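Reviewing the structure listed below.
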Amino acid sequence: MLEFKPISLQDKDWVTEIVMEENSPSADFNFVNMYIWDKTYKQLLCPFEKRLLIKLCYKEEPFFVYPIGSGPVKPAVEALKTHAEEIGCPLIIKGVTEKQREILEAEYPEKFIFEENEAKADYIYLAEKLSTFSGKALHSKKNHCNRFEAVHRWEFLPISPDNIHQCQDMLNSWISDNSQRLDESIAYELEAIQEAFAAYEHLAMEGGILKSDGKVIGFSMGEMTSADCFDVNFEKADPAINGAYPMVCRELCRMLIKNHPDLKYINREDDMGLPSLRRSKLSYKPEYILKKYSARWKYE
(Lines give C-alpha, C1' and ligand atoms only; values in the text may rest on other atoms or scores of the structure.)
Protein backbone atom coordinates (compact mmCIF):
# COMPACT_ATOMS: atom_id res chain seq x y z
CA MET A 1 0.00 0.00 0.00
CA LEU A 2 1.35 3.42 -0.96
CA GLU A 3 2.12 5.85 1.84
CA PHE A 4 1.78 9.46 0.74
CA LYS A 5 3.14 12.18 3.03
CA PRO A 6 2.88 16.00 3.00
CA ILE A 7 5.76 17.80 1.30
CA SER A 8 8.39 19.49 3.47
CA LEU A 9 11.67 21.33 2.96
CA GLN A 10 13.48 18.19 4.12
CA ASP A 11 12.34 16.48 0.91
CA LYS A 12 14.23 18.82 -1.40
CA ASP A 13 17.43 16.81 -1.94
CA TRP A 14 15.90 13.45 -2.82
CA VAL A 15 13.07 14.99 -4.85
CA THR A 16 15.47 17.18 -6.83
CA GLU A 17 17.61 14.13 -7.63
CA ILE A 18 14.57 12.42 -9.16
CA VAL A 19 13.54 15.62 -10.97
CA MET A 20 16.94 15.81 -12.64
CA GLU A 21 16.72 12.14 -13.62
CA GLU A 22 13.47 12.96 -15.45
CA ASN A 23 15.28 15.92 -17.04
CA SER A 24 12.09 17.53 -18.31
CA PRO A 25 11.74 21.26 -19.04
CA SER A 26 8.23 21.15 -17.54
CA ALA A 27 7.54 23.57 -14.70
CA ASP A 28 5.35 20.98 -13.01
CA PHE A 29 8.20 18.86 -11.71
CA ASN A 30 10.71 21.09 -9.94
CA PHE A 31 10.72 21.08 -6.16
CA VAL A 32 10.15 24.82 -5.76
CA ASN A 33 6.81 24.70 -7.54
CA MET A 34 5.78 21.61 -5.61
CA TYR A 35 6.55 23.32 -2.31
CA ILE A 36 5.31 26.87 -2.83
CA TRP A 37 1.99 25.82 -4.40
CA ASP A 38 1.29 23.22 -1.70
CA LYS A 39 -1.38 25.25 0.07
CA THR A 40 -3.35 25.45 -3.16
CA TYR A 41 -2.90 21.89 -4.40
CA LYS A 42 -2.37 20.00 -1.11
CA GLN A 43 0.43 17.87 -2.52
CA LEU A 44 1.40 14.49 -1.07
CA LEU A 45 4.60 12.66 -2.04
CA CYS A 46 5.57 9.01 -2.13
CA PRO A 47 8.91 7.56 -3.31
CA PHE A 48 8.41 4.47 -5.46
CA GLU A 49 11.47 2.56 -6.66
CA LYS A 50 13.39 5.21 -8.67
CA ARG A 51 10.34 7.37 -9.28
CA LEU A 52 8.27 9.96 -7.45
CA LEU A 53 4.51 9.62 -7.03
CA ILE A 54 2.52 12.78 -6.33
CA LYS A 55 -1.11 13.03 -5.29
CA LEU A 56 -2.89 16.39 -5.32
CA CYS A 57 -6.31 17.69 -4.46
CA TYR A 58 -7.49 20.93 -6.07
CA LYS A 59 -11.09 22.05 -5.55
CA GLU A 60 -11.92 18.65 -4.04
CA GLU A 61 -10.79 16.66 -7.10
CA PRO A 62 -7.96 14.21 -6.34
CA PHE A 63 -5.52 13.50 -9.14
CA PHE A 64 -1.93 12.46 -9.73
CA VAL A 65 1.14 13.75 -11.56
CA TYR A 66 3.08 11.74 -14.13
CA PRO A 67 5.47 9.53 -12.09
CA ILE A 68 8.82 11.13 -12.89
CA GLY A 69 12.23 9.55 -12.42
CA SER A 70 14.12 6.68 -14.01
CA GLY A 71 13.54 3.00 -14.63
CA PRO A 72 10.32 1.38 -15.92
CA VAL A 73 7.23 3.58 -15.56
CA LYS A 74 4.62 0.81 -15.75
CA PRO A 75 4.99 -0.41 -12.12
CA ALA A 76 4.52 3.17 -10.92
CA VAL A 77 1.37 3.65 -13.01
CA GLU A 78 0.02 0.31 -11.77
CA ALA A 79 0.65 1.42 -8.19
CA LEU A 80 -1.24 4.68 -8.82
CA LYS A 81 -4.14 2.81 -10.43
CA THR A 82 -4.41 0.46 -7.46
CA HIS A 83 -4.24 3.36 -5.00
CA ALA A 84 -6.94 5.27 -6.90
CA GLU A 85 -9.21 2.23 -6.69
CA GLU A 86 -8.52 1.87 -2.97
CA ILE A 87 -9.57 5.46 -2.24
CA GLY A 88 -12.51 5.30 -4.65
CA CYS A 89 -11.46 7.84 -7.26
CA PRO A 90 -10.67 7.59 -10.98
CA LEU A 91 -7.06 7.45 -12.13
CA ILE A 92 -6.34 10.91 -13.52
CA ILE A 93 -2.75 11.88 -14.32
CA LYS A 94 -2.16 15.56 -15.08
CA GLY A 95 0.80 17.57 -16.35
CA VAL A 96 1.60 14.94 -18.98
CA THR A 97 3.98 16.24 -21.65
CA GLU A 98 4.02 15.05 -25.26
CA LYS A 99 6.99 12.79 -24.55
CA GLN A 100 5.32 11.33 -21.47
CA ARG A 101 2.08 10.84 -23.37
CA GLU A 102 3.96 8.75 -25.94
CA ILE A 103 5.37 6.59 -23.13
CA LEU A 104 1.93 6.04 -21.59
CA GLU A 105 0.40 5.21 -24.97
CA ALA A 106 3.19 2.70 -25.67
CA GLU A 107 2.75 1.01 -22.30
CA TYR A 108 -1.05 1.19 -22.28
CA PRO A 109 -2.45 1.26 -25.84
CA GLU A 110 -5.95 2.80 -25.89
CA LYS A 111 -6.23 2.62 -22.09
CA PHE A 112 -6.07 6.38 -21.45
CA ILE A 113 -8.20 9.26 -22.68
CA PHE A 114 -5.97 12.29 -23.23
CA GLU A 115 -7.23 15.86 -23.04
CA GLU A 116 -5.01 18.84 -23.80
CA ASN A 117 -4.97 21.61 -21.19
CA GLU A 118 -3.95 24.74 -23.08
CA ALA A 119 -3.96 26.95 -19.98
CA LYS A 120 -1.21 24.80 -18.44
CA ALA A 121 1.16 24.75 -21.44
CA ASP A 122 4.65 26.12 -20.68
CA TYR A 123 6.28 28.81 -22.81
CA ILE A 124 9.89 27.82 -23.54
CA TYR A 125 12.46 30.35 -24.81
CA LEU A 126 16.08 30.34 -25.88
CA ALA A 127 18.11 31.87 -23.05
CA GLU A 128 20.56 33.51 -25.44
CA LYS A 129 17.78 35.33 -27.32
CA LEU A 130 16.22 36.67 -24.12
CA SER A 131 19.63 37.85 -22.91
CA THR A 132 20.09 40.09 -25.96
CA PHE A 133 16.65 40.56 -27.57
CA SER A 134 18.47 40.31 -30.87
CA GLY A 135 16.61 39.92 -34.15
CA LYS A 136 13.64 41.61 -35.75
CA ALA A 137 11.02 39.69 -33.77
CA LEU A 138 12.33 41.03 -30.45
CA HIS A 139 13.30 44.49 -31.68
CA SER A 140 10.56 46.20 -29.66
CA LYS A 141 11.80 44.58 -26.44
CA LYS A 142 15.31 45.78 -27.19
CA ASN A 143 14.02 49.31 -27.81
CA HIS A 144 12.21 49.31 -24.47
CA CYS A 145 15.46 48.31 -22.75
CA ASN A 146 17.43 51.00 -24.61
CA ARG A 147 14.96 53.70 -23.56
CA PHE A 148 15.01 52.43 -19.98
CA GLU A 149 18.82 52.52 -19.82
CA ALA A 150 18.85 56.03 -21.26
CA VAL A 151 16.74 57.54 -18.49
CA HIS A 152 17.45 55.39 -15.40
CA ARG A 153 20.42 54.90 -13.11
CA TRP A 154 19.89 51.20 -12.68
CA GLU A 155 21.48 48.03 -11.37
CA PHE A 156 20.55 44.36 -11.30
CA LEU A 157 21.60 42.42 -8.22
CA PRO A 158 21.28 38.78 -7.14
CA ILE A 159 18.56 38.20 -4.56
CA SER A 160 20.14 37.49 -1.17
CA PRO A 161 19.09 37.29 2.49
CA ASP A 162 20.15 40.93 2.78
CA ASN A 163 17.80 42.28 0.12
CA ILE A 164 14.91 39.83 -0.22
CA HIS A 165 12.84 41.99 2.14
CA GLN A 166 13.01 44.69 -0.53
CA CYS A 167 11.25 42.30 -2.94
CA GLN A 168 8.58 41.82 -0.28
CA ASP A 169 8.16 45.60 0.07
CA MET A 170 7.79 45.99 -3.69
CA LEU A 171 5.28 43.13 -3.84
CA ASN A 172 3.22 44.73 -1.05
CA SER A 173 3.07 47.95 -3.06
CA TRP A 174 2.16 46.01 -6.22
CA ILE A 175 -0.69 44.26 -4.39
CA SER A 176 -1.96 47.56 -3.02
CA ASP A 177 -1.92 49.20 -6.45
CA ASN A 178 -3.63 46.25 -8.18
CA SER A 179 -5.94 44.89 -5.46
CA GLN A 180 -9.19 45.75 -7.27
CA ARG A 181 -8.33 43.75 -10.40
CA LEU A 182 -6.80 40.64 -8.78
CA ASP A 183 -8.77 37.47 -9.47
CA GLU A 184 -8.61 34.15 -7.63
CA SER A 185 -5.72 32.72 -9.67
CA ILE A 186 -3.56 35.77 -8.98
CA ALA A 187 -4.38 35.54 -5.29
CA TYR A 188 -3.07 31.96 -5.30
CA GLU A 189 0.10 33.13 -7.05
CA LEU A 190 0.71 35.85 -4.46
CA GLU A 191 0.40 33.26 -1.70
CA ALA A 192 2.96 31.10 -3.50
CA ILE A 193 5.36 34.05 -3.80
CA GLN A 194 5.12 34.59 -0.05
CA GLU A 195 6.07 30.95 0.48
CA ALA A 196 9.06 31.41 -1.82
CA PHE A 197 10.23 34.49 0.08
CA ALA A 198 9.94 32.70 3.42
CA ALA A 199 12.00 29.69 2.32
CA TYR A 200 14.20 31.28 -0.38
CA GLU A 201 17.53 30.07 1.02
CA HIS A 202 16.32 26.59 1.92
CA LEU A 203 14.85 26.20 -1.56
CA ALA A 204 18.20 27.23 -3.09
CA MET A 205 16.42 29.51 -5.54
CA GLU A 206 18.16 31.96 -7.87
CA GLY A 207 16.88 35.38 -8.72
CA GLY A 208 17.63 39.02 -9.26
CA ILE A 209 16.41 42.49 -8.34
CA LEU A 210 16.16 45.44 -10.73
CA LYS A 211 16.75 48.80 -9.05
CA SER A 212 16.39 52.35 -10.32
CA ASP A 213 17.99 55.09 -8.21
CA GLY A 214 18.19 52.61 -5.34
CA LYS A 215 14.50 51.65 -5.48
CA VAL A 216 13.39 48.11 -6.34
CA ILE A 217 11.20 48.21 -9.43
CA GLY A 218 11.29 44.52 -10.38
CA PHE A 219 12.41 41.05 -9.41
CA SER A 220 12.46 37.52 -10.78
CA MET A 221 13.29 34.12 -9.31
CA GLY A 222 13.26 30.41 -10.04
CA GLU A 223 15.38 27.25 -10.23
CA MET A 224 16.86 24.79 -12.71
CA THR A 225 14.26 22.24 -13.78
CA SER A 226 16.51 20.15 -16.05
CA ALA A 227 20.15 20.04 -17.11
CA ASP A 228 19.70 22.89 -19.60
CA CYS A 229 16.44 24.64 -18.61
CA PHE A 230 15.71 27.23 -15.91
CA ASP A 231 12.16 27.68 -14.69
CA VAL A 232 11.15 31.26 -13.88
CA ASN A 233 8.67 30.83 -11.05
CA PHE A 234 7.89 34.52 -10.69
CA GLU A 235 8.57 37.82 -12.42
CA LYS A 236 7.18 41.11 -11.15
CA ALA A 237 7.93 44.68 -12.20
CA ASP A 238 6.38 48.13 -11.97
CA PRO A 239 4.08 48.31 -15.03
CA ALA A 240 4.16 52.10 -14.91
CA ILE A 241 7.87 52.14 -15.73
CA ASN A 242 8.50 51.64 -19.44
CA GLY A 243 10.95 48.82 -20.02
CA ALA A 244 10.97 47.46 -16.47
CA TYR A 245 9.63 44.02 -17.42
CA PRO A 246 11.94 43.46 -20.43
CA MET A 247 14.91 44.61 -18.33
CA VAL A 248 14.14 42.12 -15.56
CA CYS A 249 13.82 39.34 -18.12
CA ARG A 250 17.02 40.25 -19.97
CA GLU A 251 19.17 40.76 -16.91
CA LEU A 252 18.03 37.56 -15.21
CA CYS A 253 18.94 35.60 -18.34
CA ARG A 254 22.37 37.23 -18.50
CA MET A 255 22.98 36.33 -14.86
CA LEU A 256 21.84 32.74 -15.38
CA ILE A 257 24.00 32.22 -18.47
CA LYS A 258 27.03 33.22 -16.40
CA ASN A 259 26.04 30.89 -13.57
CA HIS A 260 25.08 27.91 -15.75
CA PRO A 261 27.33 27.30 -18.79
CA ASP A 262 25.01 24.54 -20.09
CA LEU A 263 21.87 26.66 -19.90
CA LYS A 264 19.91 26.69 -23.17
CA TYR A 265 16.25 27.25 -22.35
CA ILE A 266 14.13 29.45 -20.12
CA ASN A 267 10.70 28.22 -19.04
CA ARG A 268 8.45 31.21 -18.33
CA GLU A 269 5.61 28.89 -17.32
CA ASP A 270 1.95 28.94 -18.37
CA ASP A 271 -0.53 31.75 -19.03
CA MET A 272 -3.18 30.45 -16.57
CA GLY A 273 -5.72 30.85 -19.35
CA LEU A 274 -5.54 34.65 -19.07
CA PRO A 275 -5.61 36.39 -22.51
CA SER A 276 -3.46 39.30 -21.32
CA LEU A 277 -0.80 36.98 -19.93
CA ARG A 278 -0.88 34.91 -23.12
CA ARG A 279 -0.25 38.00 -25.23
CA SER A 280 2.63 38.98 -22.98
CA LYS A 281 4.30 35.57 -23.17
CA LEU A 282 3.86 35.36 -26.93
CA SER A 283 5.44 38.81 -27.32
CA TYR A 284 8.75 37.36 -26.07
CA LYS A 285 8.64 34.88 -28.99
CA PRO A 286 8.86 31.40 -27.44
CA GLU A 287 11.03 28.81 -29.13
CA TYR A 288 8.21 26.34 -28.56
CA ILE A 289 5.20 25.76 -26.34
CA LEU A 290 5.34 22.66 -24.15
CA LYS A 291 1.88 21.09 -24.34
CA LYS A 292 0.33 19.46 -21.28
CA TYR A 293 -2.33 16.77 -21.12
CA SER A 294 -4.60 15.13 -18.60
CA ALA A 295 -4.71 11.34 -18.90
CA ARG A 296 -7.85 9.60 -17.62
CA TRP A 297 -7.97 5.82 -17.36
CA LYS A 298 -10.69 4.19 -19.45
CA TYR A 299 -12.81 2.06 -17.12
CA GLU A 300 -14.98 -0.70 -18.59
Side-chain angles (χ1 to χ4, degrees), residues 1-71 73 75-77 79-84 86-87 89 91-97 100 117 120 122 159 164 184-207 221-226 229-234 267 269-270 272 292 294-295:
M1 186 173 183
L2 298 178
E3 185 178 358
F4 286 91
K5 295 182 178 180
I7 191 171
S8 73
L9 287 174
Q10 286 68 43
D11 295 314
K12 179 171 173 56
D13 289 345
W14 71 267
V15 169
T16 299
E17 184 177 346
I18 292 177
V19 169
M20 289 304 171
E21 284 291 329
E22 182 70 21
N23 201 33
S24 170
S26 173
D28 293 348
F29 304 131
N30 64 70
F31 183 81
V32 168
N33 269 337
M34 293 181 200
Y35 180 82
I36 63 179
W37 288 95
D38 184 51
K39 287 185 178 179
T40 301
Y41 291 102
K42 304 176 182 66
Q43 302 188 69
L44 300 172
L45 310 184
C46 176
F48 183 86
E49 297 179 357
K50 295 183 179 181
R51 292 187 175 270
L52 170 64
L53 308 184
I54 306 174
K55 180 168 64 174
L56 306 93
C57 187
Y58 179 62
K59 295 184 176 179
E60 307 308 319
E61 180 189 48
F63 60 93
F64 303 92
V65 174
Y66 181 86
I68 62 171
S70 59
V73 72
V77 175
L80 290 180
K81 183 172 179 291
T82 299
H83 181 76
E86 289 172 347
I87 64 175
C89 74
L91 176 60
I92 302 171
I93 301 175
K94 295 190 177 184
V96 179
T97 65
Q100 293 162 350
N117 191 337
K120 294 297 184 180
D122 290 339
I159 295 177
I164 197 168
E184 184 182 46
S185 61
I186 298 298
Y188 289 149
E189 182 194 33
L190 295 176
E191 187 176 66
I193 295 176
Q194 303 287 5
E195 292 291 329
F197 284 157
Y200 187 83
E201 284 186 278
H202 290 95
L203 292 170
M205 298 180 73
E206 296 179 72
M221 61 179 71
E223 74 166 344
M224 295 295 293
T225 193
S226 71
C229 184
F230 184 89
D231 176 31
V232 178
N233 300 123
F234 305 111
N267 184 335
E269 300 199 349
D270 59 55
M272 298 188 290
K292 305 283 185 67
S294 292

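Keep in mind it's a predicted model, so treat the numbers as computed, not measured.
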State the [atom1]-[atom2] distance between [X] and [Y], to the nearest 0.5 angstrom.
X: Glu191; Y: Lys39; atom1: CD; atom2: NZ; result: 5.0 Å
X: Cys229; Y: Asn23; atom1: SG; atom2: CG; result: 9.5 Å
X: Asn30; Y: Met20; atom1: CG; atom2: CE; result: 8.0 Å
X: Ile7; Y: Leu45; atom1: CD1; atom2: CG; result: 4.5 Å
X: Gln43; Y: Asp11; atom1: CD; atom2: CG; result: 11.0 Å

Do the side chains of [Y] and [X] get nearer than 4.5 Å, heavy atoms only?
X: Pro75; Y: Phe48; result: yes
X: Trp14; Y: Leu52; result: yes
X: Lys120; Y: Lys94; result: no
X: Asp231; Y: Glu269; result: yes
X: Glu189; Y: Trp37; result: yes
X: Tyr66; Y: Thr97; result: no
X: Leu44; Y: Pro6; result: yes
X: Lys55; Y: Ile87; result: yes

Q: Quick one: do Ile36 and Leu203 satisfy side chain to side chain contact (heavy atoms under 4.5 Å, CB included)? Show the steps, please.
A: CA-CA 10 Å; Ile36 63 179; Leu203 292 170; 4.0 Å; yes

For residues [X] and [Y], report the shortest heavy-atom separation together with the two atoms involved.
X: Lys12; Y: Ala204; answer: CE-CB, 3.9 Å
X: Phe230; Y: Gly222; answer: CZ-C, 3.2 Å
X: Val73; Y: Pro67; answer: CG2-CG, 3.8 Å
X: His202; Y: Leu9; answer: CB-CD1, 3.9 Å
X: Val32; Y: Glu223; answer: N-OE2, 2.9 Å
X: Lys292; Y: Asp28; answer: NZ-OD2, 3.2 Å

Q: Identify the residue among Leu91, Ile92, Leu53, Val77 that makes a side-chain contact (heavy atoms from CB on, under 4.5 Å) with Phe64.
A: Leu91

Q.
Among Ile93, Leu56, Ile54, which residue satisfies the side-chain contact (heavy atoms from CB on, under 4.5 Å) criterion with Phe63?
A. Leu56

Q: Answer yes if the side chains of Asn233 and Asn33 hold a donor-acceptor pair under 3.5 Å, and no otherwise.
A: yes

**Q.** Side-chain donor-acceptor pair present, Glu22, Ser24, cut-off under 3.5 Å
**A.** no

Q. Going by an N to O cut-off under 4.0 Å, is there a salt bridge joining Glu21 and Lys50?
A. no

Q) Under 3.5 Å, is there a donor-acceptor pair between the side chain of Asp38 and the main chain of Tyr35? A) no

Q. Do Tyr200 side-chain atoms and Gly207 backbone N/O form a donor-acceptor pair below 3.5 Å?
A. yes

Q: Show the numbers, then the answer: is there a side chain to side chain contact (heavy atoms under 4.5 Å, CB included) between Val19 and Phe31?
A: CA-CA 8 Å; Val19 169; Phe31 183 81; 5.6 Å; no

When you look at [atom1] of [X], are more than 12 heavy atoms from neighbouring residues, nucleotides or ligands closer to it than 6.0 Å?
X: Gln194; atom1: CD; answer: yes
X: Glu17; atom1: CD; answer: no
X: Glu86; atom1: CD; answer: yes

Q. Between Asp122 and Ser26, is a side chain to side chain contact (heavy atoms under 4.5 Å, CB included) present by the stated rule, with each step listed?
A. CA-CA 7 Å; Asp122 290 339; Ser26 173; 3.9 Å; yes

